[in-house]
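One structure is given here, and the rest of the page talks about it.
Counting starts at 1 for both ligands and their atoms, following the listed order. This structure is a prediction, so every number in the text was calculated from the model and none was measured.
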Amino acid sequence: MKKTIFSGIQPSGVVHIGNYFGAIKQWVEMQNEADFSVFCIVDLHAITVPQDPTELKENIYKMAALYLAAGIDPQKSALFVQSSRPEHTELSWLLNCNTTMGELNRMTQFKEKSESKKDSVSAGLFNYPVLMAADILLYGATHVPVGEDQKQHVELTRDVAERFNAKYGQCFTIPEPIIKNTSARIMGLDNPLKKMSKSAASSNNYIAISDSADEISSKIKKAVTDSGQGITKDKDKPAISNLINIYAEATGMSVEDIEKKYSGKGYGDFKKELADVLIAYLEPIQNEYNRILQDKTALTQILTDGSSKIAGIAQATVSSVKEAIGLGL
Ligand code: TYM
């Protein structure tokens, strides 16, 4: 079967190593074995919460620069901005009418994000998973590389697609979430029981891709550790397990090899070397990012070309879905 990859990230300011290891790094690895890859800057998802227009536009360019700096190759993959293709919102409506309130009410991310302010969050935030389903289904994606927090949304996509196919005939390919062991859920440095998040109360929760060497050293130094000692991955040691996962992602070493390397060493030694490893890992990406971001004309061209490359596929999917539902003349 043809392997088609789709994934995306919101252009909402901070991109942290959770996003990077959980998503972007996997995309770069997967784009070489896929028949076709589509990577999207999901600006329509970003506006489900308030955004400053000037910052949003800038963040779209920043995200595109980061995709490229990370190694997404616009010759091999299509890189585009979600709002540049009207088919995303069009299919989203068609799917909304085939998704139940009950299904959306069960989405844990919505529950978390709307906690204690249910009446004032946007209807877009509630419908967000349906727009995500539209993103994936438009291009017939077979594989969707994401972090674990998006798994439930990909499962909803599968349910909606299967139900639609059963009701209207074979319109959609059923996608599979691809979630990697060591990067499924990078946890907060200040609280290893909750995922690393850009909306955390303190910036000590995350390492941003743009953090300086000093910031990285200081944040790793401050990262909470577990009681006891020993550099081992264990469910009773969530803080060290998280730091080991980050080390594994930044070096490509296996967890076992990391445990062996640091056998008999203390948390302090391990943290110091983890900071060095992360700084060395991020530096070339940061340099490339800063270089690419300077040429907005070139970035605009890449994003426009990406959008043109996939226009035909998106249009064909929407036409066939409308036809199946009985819309139009
Ligand atoms: P977003 O922008 O919140 O996050 C982008 C990607 O980063 C992953 N991620 C993490 N992975 C590991 N540890 C963490 N702490 C961590 N935090 C975030 C997310 O799982 C995600 O893969 N709705 C999506 C974007 C989207 C999308 C799509 C993804 C829109 N349409 C279609 C896949 C397919 C989102 O808001 O991700």
Among [options], closest by any non-hydrogen atom to [atom]:
{"atom": "atom 19 (C) of ligand 1", "options": "N205, I136, D149, V146", "result": "D149"}
{"atom": "atom 28 (C) of ligand 1", "options": "M132, K180, K151", "result": "M132"}
{"atom": "atom 12 (C) of ligand 1", "options": "S183, S199, P175", "result": "S183"}

Side-chain touch Y128/Q109, heavy atoms, less than 4.5 angstrom: yes
Within the structure provided, determine whether V224 and N191 are in side-chain contact (heavy-atom separation under 4.5 Å). no
Counting non-hydrogen protein atoms only, what is the nearest one to [atom]? Give residue, atom name and distance.
{"atom": "atom 32 (C) of ligand 1", "answer": "F6 CE2, 3.4 Å"}
{"atom": "atom 21 (C) of ligand 1", "answer": "Q150 CG, 3.9 Å"}
{"atom": "atom 2 (O) of ligand 1", "answer": "Q10 N, 3.0 Å"}
{"atom": "atom 10 (C) of ligand 1", "answer": "G18 O, 3.5 Å"}
{"atom": "atom 6 (C) of ligand 1", "answer": "A23 CB, 3.7 Å"}
{"atom": "atom 25 (C) of ligand 1", "answer": "G8 O, 3.4 Å"}
{"atom": "atom 4 (O) of ligand 1", "answer": "N19 ND2, 3.4 Å"}
{"atom": "atom 17 (N) of ligand 1", "answer": "H16 CE1, 3.5 Å"}

With the threshold set at under 4.0 angstrom, would you say [X] reaches ligand 1 through any of its heavy atoms?
{"X": "M187", "answer": "no"}
{"X": "Y128", "answer": "yes"}
{"X": "A184", "answer": "yes"}

Within-cut-off N or O pair, K195 and ligand 1, under 3.5 Å: no
Can an N or O of V144 be found at a distance shorter than 3.5 Å from an N or O of ligand 1? no
Atom of [X], atom of [Y] and distance for their closest heavy-atom approach:
{"X": "A141", "Y": "F6", "value": "CB-CB, 3.6 Å"}
{"X": "Y206", "Y": "S197", "value": "CD2-O, 3.4 Å"}
{"X": "I17", "Y": "I186", "value": "O-CG1, 4.4 Å"}

Distance under 4.0 Å to a non-hydrogen atom of [X]: what atoms of ligand 1 satisfy this?
{"X": "D135", "result": "28 (C), 30 (C), 31 (N)"}
{"X": "M196", "result": "15 (N), 17 (N)"}
{"X": "I186", "result": "12 (C), 13 (N), 14 (C), 15 (N)"}

Using only heavy-atom distances, determine whether the side chains of K25 and S183 contain a donor-acceptor pair under 3.5 Å.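 Side chains of K25 and S183: no pair found under 3.5 Å.
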Just by distance, no angles: are the side chains of Q31 and S37 close enough, under 3.5 Å, to form a donor-acceptor pair?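 No, S37 and Q31 have no side-chain donor paired with an acceptor closer than 3.5 Å.
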Is it the case that over 12 heavy atoms from other parts of the model lie below 6.0 angstrom from the [atom1] atom of [X]?
{"X": "K322", "atom1": "NZ", "result": "no"}
{"X": "K151", "atom1": "NZ", "result": "no"}
{"X": "K117", "atom1": "NZ", "result": "no"}
{"X": "E155", "atom1": "CD", "result": "yes"}

For I209, the option from N19, L66, I24 that meets side chain to side chain contact (heavy atoms under 4.5 Å, CB included):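 Per the side chain to side chain contact (heavy atoms under 4.5 Å, CB included) rule, the option paired with I209 is L66, out of N19, L66, I24.
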